[in-house]
Protein chains: 2
Amino acid sequence: MAFLLAQIGAHATERFAERIAALDLSPAQAGLLRAVASEPGRSQQAVAEQLGVQPSRFVALVDELEQRGAVERRRNATDRRLYALHLTAQGELLMRDVGQVGQAHENDICSALSPADRATLRELLQRVADQQGLTPGVHPGYRR
Amino acid sequence: MAFLLAQIGAHATERFAERIAALDLSPAQAGLLRAVASEPGRSQQAVAEQLGVQPSRFVALVDELEQRGAVERRRNATDRRLYALHLTAQGELLMRDVGQVGQAHENDICSALSPADRATLRELLQRVADQQGLTPGVHPGYRR
DNA sequence: TATTGTTATACTCTATAACTATA
DNA sequence: TATAGTTATAGAGTATAACAATA
């Protein structure tokens, strides 16, 4: 079972990477966008720590998304060492596309299962994830 | 759901890598051992193609396992370009240890689930794997 | 002196493709 | 000329750690 989970997980990751590449995004960039969208205004360090990525790598990720106009660094007035991360209006539009790609990916991966099967599978997977101490929304692969 | 599968799969892969490192093996080496054990005597190219690894990388993997005395290259008498891959007696013992590590890993990953839950989960996952065209026993991550 | 963010360096890993031997 | 296996080179990606600015 553990092997089957690893196998399907790696496959799902690969297929998502292919799909998201159509938006000229890497999976790590999509994860960063999602993290900023879900809680705007946090510092780079706070988001990097949540995702488990090294600061130096995180800076490069933000650089790419900032140059592309999707993410904005705002200086914190009271502590000028910090940047607050926000999505731009363009970034919000991009996130909508990311959501659509995610939906298509979801339909693809689950297409062998009925709605009832999906609910059962989700419940079982959620129990495994909880017991293993996984953080919701954080993919361990971001660490690499 | 697709994200949950990717998340759990990456976690399971990481945990297995940690466990198998106690035997001084990488996941890719363990996969190679397993492939050779399941069908001994195949050529390097045949096994490399099944696992989806590049020939140059495959040679390095075999080198490591051969130097360690777990795997043996036997010249094919009728076509001296080919090597037939076999486990040594020591390699068989190592495979037994790999099996025990795999069992401990399996118990860990599934520990949130009852036997009935595990059977249900396995059946659902197998349907997803079949529909997605995954090859039994071949982890897509070996390609990287 | 400690902390946030940045940059530079070195290292690891891998794919590409050139090479050897056998057919 | 084609194929199995090997080796060498170059490129991508990453972590480590030094650095600059601010507290």
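Letters A, B, ... mirror the listed sequences (proteins, then strands); counts begin at 1. On a predicted model such as this, the values are computed, not experimentally measured, just so you know.
- For A/Gln54, a side-chain nitrogen or oxygen approaches OP1 or OP2 of D/dT16 to under 4.0 Å.
- Under the side-chain contact (heavy atoms from CB on, under 4.5 Å) rule, A/Leu85 has a single partner from A/Gln44, A/Arg42, A/Arg74, A/Glu39, which is A/Gln44.
- At a cut-off of 3.5 angstrom, counting only N and O atoms as typed in the model, there is no donor on one side facing an acceptor on the other between the side-chain of A/Arg80 and the base of D/dT22.
- OP1 or OP2 of D/dA21 has not a single side-chain nitrogen or oxygen of A/Arg81 nearer than 4.0 Å.
- The CZ atom of B/Arg57 sits 13 Å away from the P atom of C/dT16 (whole-angstrom rounding).
- Among the protein residues, B/Thr78 comes within range of the sugar-phosphate backbone only, with heavy atoms under 4.0 Å from sugar or phosphate atoms but none that close to a base.
- Regarding A/Phe58, its CZ atom lies at a distance of 14 Å from the P atom of D/dA15, rounded to whole Å.
- Atom P of nucleotide C/dG5 and atom CZ of A/Arg74 are separated by 15 Å, given to the nearest angstrom.
- In this structure, B/Arg127 pairs ionically with B/Glu123, as a charged nitrogen and a carboxylate oxygen lie closer than 4.0 Å.
- Between A/Arg75 and B/Pro55, it is B/Pro55 whose nearest contact on DNA chain D lies nearer the 5' terminus.
- For the pair A/Tyr83 OH and D/dA20 C1', the interatomic distance rounds to 12 Å; values are reported in whole Å.
- Atom CD of A/Glu49 sits in a sparse spot, with 12 or fewer heavy atoms from other residues, nucleotides or ligands closer than 6.0 Å.
- Note: CD (B/Gln29) to P (C/dC13) measures 11 Å, nearest angstrom.
- Across the protein-nucleic acid pair, A/Asn76 atom CG and D/dA23 atom C1' stand 12 Å apart, rounded to whole Å.
- Looking only at side-chain heavy atoms (C-beta outward), A/Val128 and A/Leu134 stay at 4.5 Å or farther from each other.
- The listed nucleotides are C/dA21, C/dG5, D/dA15; the one nearest the side chain of A/Leu82 is C/dG5.
- For the pair B/Thr88 (side chain) and B/Gly69 (backbone), a donor-acceptor distance under 3.5 Å is present.
- Among D/dA15, D/dT6, C/dG5, the nucleotide with an atom closest to any side-chain atom of B/Gln44 is D/dT6.
- A/Leu61 has its CG atom 14 Å from the C1' atom of C/dT6, to the nearest Å.
- Regarding A/Gln45, its CD atom lies at a distance of 12 Å from the C1' atom of C/dA2, rounded to whole Å.
- Between the side chain of A/Ser56 and the base of D/dT16, at least one donor-acceptor pair of N or O atoms lies under 3.5 Å.
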